[in-house]
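The model shown is predicted, which means the values in this text are computed figures rather than measured ones.
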Amino acid sequence: MRARLNGVVASVPGVAAAAAAATLAWGIHGLVPAIPLLTAAVMIGILTAQIPFVRRALAGVLAAGLSVTAKRFMRLGIVLLGLKLSLLDIVHLGWISIVTVVAVLAVTFGVTLWLGRLFKLPGHQPLLIATGFSICGASAIGAMSHVAKSKDEETATPIALVTLCGTLAIAVLPWFWHPLGFSDLQFGHWVGASVHDVGQVVATAQVAGSAALAVAVVVKLTRVLMLAPMVAITSFVVRRREGAPEAGTKHPPIVPLFVVGFICAMLIRTFVSVPVEVIDAADTVQTALLAMALFGLGTAVRLGELIRTGWRALLVALLSSVLIATLAWGAVQMG
């Protein structure tokens, strides 16, 4: 009991720092709405970690609390993310759109995983980059890193790259809207099927109007829905590779508890009439938790090391971004 209390006390400075960073990210988003809040939180974490005297604090007094935010707060945020999803909204897309969205995700995941291994990226980086670029950005990377038992260093580079490429998409994709001959709704579909993070999707699609934004969000949340089965499959593969557990230990569940929570939240949103006030409050809490978690993950990024050794990962990330945008364009043509 005392050890647990000491752990809570040790976590306070890091959690407080993450809360302050999330508040700052909220302010940046309020001043410049084009910058997604979660993207701002990651960038604050990355930039903070490059300051030498702050880096010492990150590895010392703040370490325990940042670990809590990056792991536990991330899982709680993903559970609440399920309340954004209504299966009825997804069904209204039509079966062709649903099939093409899932197909684009699956192909992007498989090809990106293959590219990561081809370029000999270390550890779980191929898996994490494939997850983030095909499903839902940094939050998907956080979820997958838990079941894959990835080290913080392995998670940091994919987080930085999915933030970089998603931010580029906000600026670049609108330039292709009219040259590709998209209608407003087609542009929204393309953005939802190809941009990584939900906030980045909103920032990119809103230039085409409210109808395009609504389509983009539903298509994006269809991709988010695939987070649960992808995490469960990975958990099963990890268990198979590890073999029988050692004496006195046991395997983690095939479906992690936070994924079960995500599914339950989604089913509640689909079949229960949840008051708008509850949905809005849950969305605010979810955003705060993920902002704190992504700040914590961002503090593990070392830009100097990434620049010196991360060119292969950057190339994989750029190729994956081009691939998913191309596949999504084909899916729009079929819709």
Side-chain angles (χ1 to χ4, degrees), residues 25 29 34-43 45-46 74 77-78 81 84-85 101-102 104-113 115-116 125-145 155-174 176 187-207 213 215-227 230-231 287 290-291 293-294 297-298 301 313-329 331-332:
H29 175 65
I35 301 177
L37 192 155
L38 298 183
T39 298
V42 176
M43 293 306 301
I46 293 173
M74 173 67 75
I78 289 170
L81 182 61
K84 288 179 177 286
L85 275 167
V101 168
V102 174
V104 167
L105 184 154
V107 172
T108 302
F109 180 90
V111 172
T112 305
L113 184 62
L115 285 171
Q125 279 191 16
L127 172 65
L128 299 180
I129 292 175
T131 301
F133 280 72
S134 63
I135 304 177
C136 57
S139 55
I141 293 172
M144 190 64 80
S145 67
T155 306
T157 295
I159 289 284
L161 292 175
V162 81
T163 302
L164 170 64
C165 291
T167 303
L168 287 175
I170 297 171
V172 172
L173 262 59
F176 290 90
F187 178 73
H189 189 139
W190 184 49
V191 170
S194 60
V195 178
H196 312 311
D197 183 80
V198 176
Q200 294 163 349
V201 167
V202 171
T204 308
Q206 66 186 356
V207 300
L213 177 58
V215 171
V217 170
V218 174
V219 171
K220 177 61 194 175
L221 292 179
T222 304
R223 292 167 61 194
V224 173
L225 178 61
M226 297 302 296
L227 178 62
M230 296 296 283
V231 168
T287 302
L290 290 182
L294 292 176
L297 290 172
V301 176
L314 175 60
L315 185 55
V316 171
L318 292 174
L319 289 172
S320 181
S321 293
V322 172
L323 172 66
I324 196 169
T326 304
L327 293 173
W329 171 82
V332 171

A.B. asks: Which pair of heavy atoms, one from Ile324 and one from Ser194, lies closest together, and at what distance?
C.D. replies: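 Heavy atoms of Ile324 and Ser194 come nearest at CG2-O, 3.5 Å.
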A.B. asks: What is the minimum heavy-atom distance between Ile135 and Lys220, and which atoms define it?
C.D. replies: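 Answer, listing the atom of Ile135 first, then Lys220: O-NZ, 2.5 Å.
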A.B. asks: Can you give me the closest heavy-atom contact between Ala138 and Val162, atom names plus distance?
C.D. replies: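 Where Ala138 meets Val162 most closely, the heavy atoms are N-CG1, 3.8 Å.
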A.B. asks: What's the spacing between Ile159 CD1 and Ile46 CD1 if we round to 0.5 Å?
C.D. replies: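 Those atoms lie 8.5 Å apart.
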A.B. asks: Give, for atom CD1 of Ile170 and atom OG1 of Thr39, the distance between the pair rounded to the nearest 0.5 Å.
C.D. replies: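 Going from the CD1 atom of Ile170 to the OG1 atom of Thr39 covers 5.5 Å.
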A.B. asks: Drop me the distance from Leu297's CG to Ser145's OG, to the nearest 0.5 angstrom.
C.D. replies: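 The OG atom of Ser145 is 6.5 Å from CG of Leu297, to the nearest 0.5 Å.
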A.B. asks: If only atom types and distance count, is the side chain of His189 paired as donor or acceptor with the main-chain N or O of Val332 below 3.5 Å?
C.D. replies: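 Side chain of His189 to backbone of Val332: no pair is present.
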A.B. asks: Between Lys84 and Val217, does a side-chain contact (heavy atoms from CB on, under 4.5 Å) hold up when you go through it step by step?
C.D. replies: CA-CA 10 Å; Lys84 288 179 177 286; Val217 170; over 6 Å; no
A.B. asks: Could you give the distance from NE2 (His196) to CG (Leu168), rounded to the nearest 0.5 Å?
C.D. replies: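 If we round to the nearest 0.5 Å, His196:NE2 and Leu168:CG are 9.0 Å apart.
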A.B. asks: Which atom names give the shortest non-hydrogen contact between Val195 and Ala169, and what distance separates them?
C.D. replies: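 For Val195 versus Ala169, the nearest heavy atoms are CG2-CB, 4.1 Å.
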A.B. asks: Quick one: does Leu318's side chain get under 4.5 Å of Cys165's, heavy atoms only?
C.D. replies: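 A side-chain contact under 4.5 Å exists here.
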A.B. asks: Rounded at 0.5 Å granularity, tell me how far CG in Leu115 sits from CG in Leu315.
C.D. replies: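 Interatomic distance, Leu115 CG to Leu315 CG, rounded to 0.5 Å: 8.0 Å.
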A.B. asks: Taking Thr108 for the side chain and Val104 for the main chain, is one N or O donor matched with an acceptor at less than 3.5 Å?
C.D. replies: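 Yes.
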A.B. asks: Within the structure provided, determine whether Phe109 and Leu127 are in side-chain contact (heavy-atom separation under 4.5 Å).
C.D. replies: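 Side chain of Phe109 against side chain of Leu127, heavy atoms only: contact under 4.5 Å found.
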A.B. asks: With a 4.5 Å limit on heavy-atom distance, are the side chains of Leu164 and Leu314 in contact?
C.D. replies: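 Heavy-atom side-chain distance check passes, below 4.5 Å.
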A.B. asks: Considering only heavy atoms from C-beta outward, does the side chain of Leu213 approach that of Val202 to under 4.5 Å?
C.D. replies: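 Touching, per the 4.5 Å side-chain cut-off.
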A.B. asks: In Å and rounded to the nearest 0.5 Å, what is the CH2 to OG1 distance from Trp329 to Thr326?
C.D. replies: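 Taking CH2 in Trp329 and OG1 in Thr326, the distance rounds to 8.5 Å.
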A.B. asks: Compare all side-chain heavy atoms of Thr157 with those of Gln125 and state whether any distance is below 4.5 angstrom.
C.D. replies: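 Touching, per the 4.5 Å side-chain cut-off.
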A.B. asks: So, Arg223 side chain and Cys136 main chain: donor-acceptor pair closer than 3.5 Å or not?
C.D. replies: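 No; judged by distance alone, with no hydrogens or angles, the pair does not exist.
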A.B. asks: When you measure from the side chain of Thr204 to the backbone of Gln200, do you find a donor-acceptor pair of N or O atoms at a distance under 3.5 Å?
C.D. replies: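 Checking the backbone N and O of Gln200 against the side chain of Thr204, a donor-acceptor pair under 3.5 Å is found.
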A.B. asks: Compare all side-chain heavy atoms of Val224 with those of Leu81 and state whether any distance is below 4.5 angstrom.
C.D. replies: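 SC-SC contact between Val224 and Leu81 confirmed.
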A.B. asks: Checking Trp190 side chain against Ala325 main chain: does a donor-acceptor pair fall under 3.5 Å?
C.D. replies: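 Yes, the answer is positive, given that a donor and an acceptor are paired below the 3.5 Å cut-off.
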A.B. asks: For residues Val219 and Gly192, report the shortest heavy-atom separation together with the two atoms involved.
C.D. replies: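 Shortest heavy-atom contact: CG1-C, 3.6 Å.
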A.B. asks: Looking only at heavy atoms, which two atoms of Leu323 and Val107 are closest? And how far apart?
C.D. replies: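 Reported closest heavy-atom pair: CD2-O, 4.5 Å.
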A.B. asks: Can you tell if the side chain of Phe187 reaches within under 4.5 Å of the side chain of Val207, non-hydrogen atoms only?
C.D. replies: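 Heavy-atom side-chain distance check passes, below 4.5 Å.
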